[in-house]
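We count residues from 1, following the sequence as given. What you see below is based on every heavy atom in this structure, not just the backbone, and it leaves out hydrogens, waters and symmetry mates.
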Amino acid sequence: KPGDDKADAVFRAEIRNLQSRYETTLKTLREENAKLQTSLDGAWERFREAKRMHDTQLDATRLESDRRVRDLEQRLATQADILEGKVDLEAAGARERLEELVRVRTEAQREIDDVRK
């Protein structure tokens with residue numbers, strides 16, 4: 001029938017049009033997907049580089065911090081040694097003064113005892 005042929009031709013034209021739109025859309029989506037993947041790959045690489053730099057900086061900071069702690073510990077140990085030496089000197093001086101006081105007291109006591117005799 002001629003009407004059916006015309007309807008069939010219109011239907012086929014619509015199918016071809018839909019098929020063409022589908023293929024165009026699919027091609028566009030694939031291109032966009034490729035662009036997004038490239039962008040994602042670049043972002044991932046930048047992230048990895050930033051993380052590597054951060055880790056390197058963190059390691060350097062830790063090393064510097066450890067070095068400072070060691071320096072402070074050494075300075076404290078040195079100060080403690082100096083103070084201990086000063087305390088020892090002061091103790092020795094106090095001992096000498098005490099011995100001198102005991103000697104003076106002993107001599108004074110002898111003189112007192114001599115005067116009383």
Visitor: To the nearest 0.5 angstrom, please state how far the CG atom of Leu18 sits from the CD atom of Glu23.
Guide: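 If we round to the nearest 0.5 Å, Leu18:CG and Glu23:CD are 11.5 Å apart.
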Visitor: Counting heavy atoms not belonging to Arg68, are there more than 12 under 6.0 Å from its CZ?
Guide: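 Open: at most 12 neighbouring heavy atoms sit under 6.0 Å from CZ of Arg68.
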Visitor: Side chains of Thr78 and Ile82: does their closest heavy-atom pair fall under 4.5 Å?
Guide: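 A side-chain contact under 4.5 Å exists here.
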Visitor: Looking at Asp59 and Arg62, is any side-chain nitrogen of the basic one under 4.0 Å from a carboxylate oxygen of the acidic one?
Guide: yes
Visitor: Can you tell me which residue pairs pass the salt bridge (Lys or Arg N to Asp or Glu O under 4.0 Å) test with a partner in residues 83-96, sequence neighbours excluded?
Guide: none
Visitor: With the side chain counted from C-beta on, respond yes when Arg48 and Arg52 share a heavy-atom pair under 4.5 Å apart, and no when they do not.
Guide: no
Visitor: Could you state the interatomic distance from CZ (Arg12) to CG (Asn17), rounded to the nearest 0.5 Å?
Guide: 16.0 Å
Visitor: Hey, is Arg46 close enough to Glu49 for a salt bridge, meaning N to O under 4.0 Å?
Guide: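 Salt bridge flag = no for Glu49 with Arg46.
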Visitor: So Asp71 and Gln74, side-chain contact (heavy atoms from CB on, under 4.5 Å) or not? Walk me through it.
Guide: CA-CA 5 Å; Asp71 288 351; Gln74 182 60 44; 5.7 Å; no
Visitor: Which distance, rounded to the nearest 0.5 Å, do you find between the CZ of Arg16 and the CD of Glu14?
Guide: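 The CD atom of Glu14 is 10.5 Å from CZ of Arg16, to the nearest 0.5 Å.
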Visitor: So, Arg70 and Asp66, do they make that salt bridge, N to O below 4.0 Å?
Guide: no
Visitor: Does a side-chain N-to-carboxylate-O contact under 4.0 Å join Arg110 and Glu107?
Guide: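 Not counted as a salt bridge, because no side-chain N and carboxylate O are separated by less than 4.0 Å.
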Visitor: How long is the gap from CG on Leu58 to NZ on Lys51, to the nearest 0.5 Å?
Guide: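 Spacing of CG (Leu58) from NZ (Lys51) equals 9.0 Å.
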Visitor: Donor-acceptor pair, distance only, cut-off 3.5 Å: does the side chain of Thr106 make one with the backbone of Val102?
Guide: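 Yes; judged by distance alone, with no hydrogens or angles, the pair exists.
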Visitor: Nearest 0.5 Å, please: how far is OG1 in Thr28 from CZ in Arg21?
Guide: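 If we round to the nearest 0.5 Å, Arg21:CZ and Thr28:OG1 are 12.5 Å apart.
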Visitor: Do Gln37 and Asn33 have a side chain donor and acceptor closer than 3.5 Å?
Guide: no
